[in-house]
**Q** 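Here you go, one structure.
All of these numbers come straight from a predicted model, not from anything done at the bench. The analysis underlying the following values was restricted to heavy atoms, covering all of them including side chains, and did not include hydrogens, waters or symmetry mates.
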Amino acid sequence: MREILRQYAAGYAKSEEQLTLMEDDQSSIHYPEVYLFIGDKTASAIEPIMEIHDRKWDNSASVVYFHVGTDRSENREPKGSASSGRLHRYHLPLPESDGASKSLRKELYQGFYRDPHHLAGLNKAIRKLSHHISDYGRSYSSFDRIHLSVITRVDDPFNVFIPEISLLAESIFQQSFKSVQMDMYALINEREQIDSYGYASSVGVAFLREL
């Protein structure tokens, strides 16, 4: 019995070691990947996600990241995240309330359509992004499909632009790819300040219902 247990333990240890080695090995993604971050509050999530992909995929250098927010968000990001050529930005202006008003979400939306240059600029930025993806043709096994991940915070007023930005990106990518697969990720901050917890929570619940 002791010999059987010894052989079993040795076989189990060997299989576990092989499994660990398989998990540590980098894999490759077969289709182009685009990560679209909407809002200033998603800025801090960009670098950690990039680092995860760098450890996970051996062709992670071809993954493209696009952040839509204000120029204020760049000051919040860890140093180094903005230096990568994989990270592209499009800045939207803040209304006069500068984030202090609880009607900021509405003001952002109205201000976006008040100036036609915003939509035209966003269109141009995403088309430039699409052309940039084509430069990585040799990094993927197929260019038939593209995967678009849209990431936002439930309490970020900029998520009001999700329909406009995501559908615009989808329509532009469809001109170059046969299929566009799109996923939506809504981040929730579980460590809100007590004085703003009630308002942030209500805004988050309202956004999830809207979504």
**Q** Would H88 and H67 count as a close aromatic pair, with their ring centres under 6.0 Å?
**A**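 No.
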
**Q** Between the main-chain N or O of D40 and the side-chain N or O of D156, is there a donor-acceptor pair closer than 3.5 Å?
**A**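 Pair found, side chain donor or acceptor close to backbone of D40.
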
**Q** State, yes or no, whether a side-chain contact exists between H147 and V34 at a heavy-atom distance under 4.5 Å.
**A**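 Not touching, per the 4.5 Å side-chain cut-off.
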
**Q** Enter the distance from L36:CG to T152:OG1 here, rounded to the nearest 0.5 Å.
**A**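 L36 CG to T152 OG1: 9.0 Å, rounded to 0.5 Å.
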
**Q** Should R153 and N159 count as side-chain neighbours, where that means a heavy-atom distance under 4.5 Å?
**A**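 No, their side chains stay 4.5 Å or more apart.
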
**Q** Would you say that D144 contacts F177 through its side chain, given a criterion of any heavy-atom pair below 4.5 Å between the two side chains?
**A**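 No, their side chains stay 4.5 Å or more apart.
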
**Q** May I ask you to check whether F161 and F112 place their ring centres under 6.0 Å from each other?
**A**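 Yes: the rings meet the under 6.0 Å criterion.
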
**Q** Say whether S149 and D183, considering side chains only, have a donor N or O and an acceptor N or O under 3.5 Å apart.
**A**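 Side chains of S149 and D183: no pair found under 3.5 Å.
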
**Q** S176 side chain to F173 main-chain N or O, any donor-acceptor pair under 3.5 Å?
**A**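 Checking the backbone N and O of F173 against the side chain of S176, no donor-acceptor pair under 3.5 Å is found.
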
**Q** Please report the closest heavy-atom contact between A61 and R86, naming both atoms and the distance.
**A**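 Distance-wise, the nearest heavy atoms are O-CD, 3.1 Å.
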
**Q** I need the minimum non-hydrogen distance between V160 and E164, along with the two atoms involved.
**A**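 Closest approach of V160 to E164: O-OE1, 3.7 Å.
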
**Q** Looking only at heavy atoms, what is the nearest atom pair of P93 and L108, with distance?
**A**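 Distance-wise, the nearest heavy atoms are O-CD2, 3.9 Å.
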
**Q** Measure the CD1-CG distance between I172 and L129 for me, rounded to the nearest 0.5 Å.
**A**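 Those atoms lie 9.0 Å apart.
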
**Q** I need the minimum non-hydrogen distance between G111 and H118, along with the two atoms involved.
**A**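 Heavy atoms of G111 and H118 come nearest at O-CD2, 3.5 Å.
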
**Q** Work out which heavy atom in G39 is nearest to a heavy atom in F158; give both atom names and the distance.
**A**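 Heavy atoms of G39 and F158 come nearest at CA-CB, 3.5 Å.
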
**Q** With sequence neighbours left out, write down each residue that passes ring pair (Phe, Tyr, Trp, His ring centres under 6.0 Å) with F207, or none if nothing qualifies.
**A**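 Once residues adjacent in sequence are excluded, F207 has no partner under the ring pair (Phe, Tyr, Trp, His ring centres under 6.0 Å) criterion.
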
**Q** Just how far is it from atom CD1 of I38 to atom CD1 of I162, taken to the nearest 0.5 Å?
**A**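 Going from CD1 on I38 over to CD1 on I162, the span is 5.0 Å.
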
**Q** State yes or no: do L187 and M184 share one hydrophobic cluster built from I, L, V, M, F, W and Y residues joined by side-chain heavy-atom distances below 4.5 Å, directly or via other members?
**A**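 Looking at the clustering, M184 is in the same group as L187.
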
**Q** Where do N59 and S139 land on the side-chain hydrogen bond (donor to acceptor under 3.5 Å, both in side chains) test, with the steps shown first?
**A** CA-CA 6 Å; N59 57 345; S139 301; 5.9 Å; no

**Q** CD of E107 to CZ of R105: how many Å apart, nearest 0.5 Å?
**A**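 Separation between the atoms: 13.0 Å.
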
**Q** What are the two closest heavy atoms between Y90 and A125, and how far apart are they?
**A**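 Heavy atoms only, the tightest pair is CD1-CB, 3.9 Å.
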
**Q** With rounding to the nearest 0.5 Å, note down the distance linking CD in E170 to CD in Q175.
**A**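 Interatomic distance, E170 CD to Q175 CD, rounded to 0.5 Å: 11.5 Å.
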
**Q** For S28, does its backbone N or O pair with a side-chain atom of Y140 as donor and acceptor, under 3.5 Å?
**A**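 No, because the side chain of Y140 does not come within donor-acceptor range (under 3.5 Å) of the backbone of S28.
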
**Q** Rounded to the nearest 0.5 Å, what's the gap from CE on M182 to OG on S166? Could you check?
**A**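 Going from the CE atom of M182 to the OG atom of S166 covers 5.0 Å.
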
**Q** Considering residues at least two apart in sequence or located in another chain, which fulfil the ring pair (Phe, Tyr, Trp, His ring centres under 6.0 Å) criterion with Y109?
**A**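 Y109 satisfies ring pair (Phe, Tyr, Trp, His ring centres under 6.0 Å) with Y113 only.
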
**Q** Tell me whether the centres of the aromatic rings in F66 and Y35 are closer together than 6.0 Å.
**A**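 Distance test on ring centres: not under 6.0 Å, no.
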
**Q** Judged by atom type as modelled, is there a donor-acceptor pair below 3.5 Å linking the side chain of S130 to the main-chain atoms of I126?
**A**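 Not confirmed, S130 side chain does not pair with I126 backbone.
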
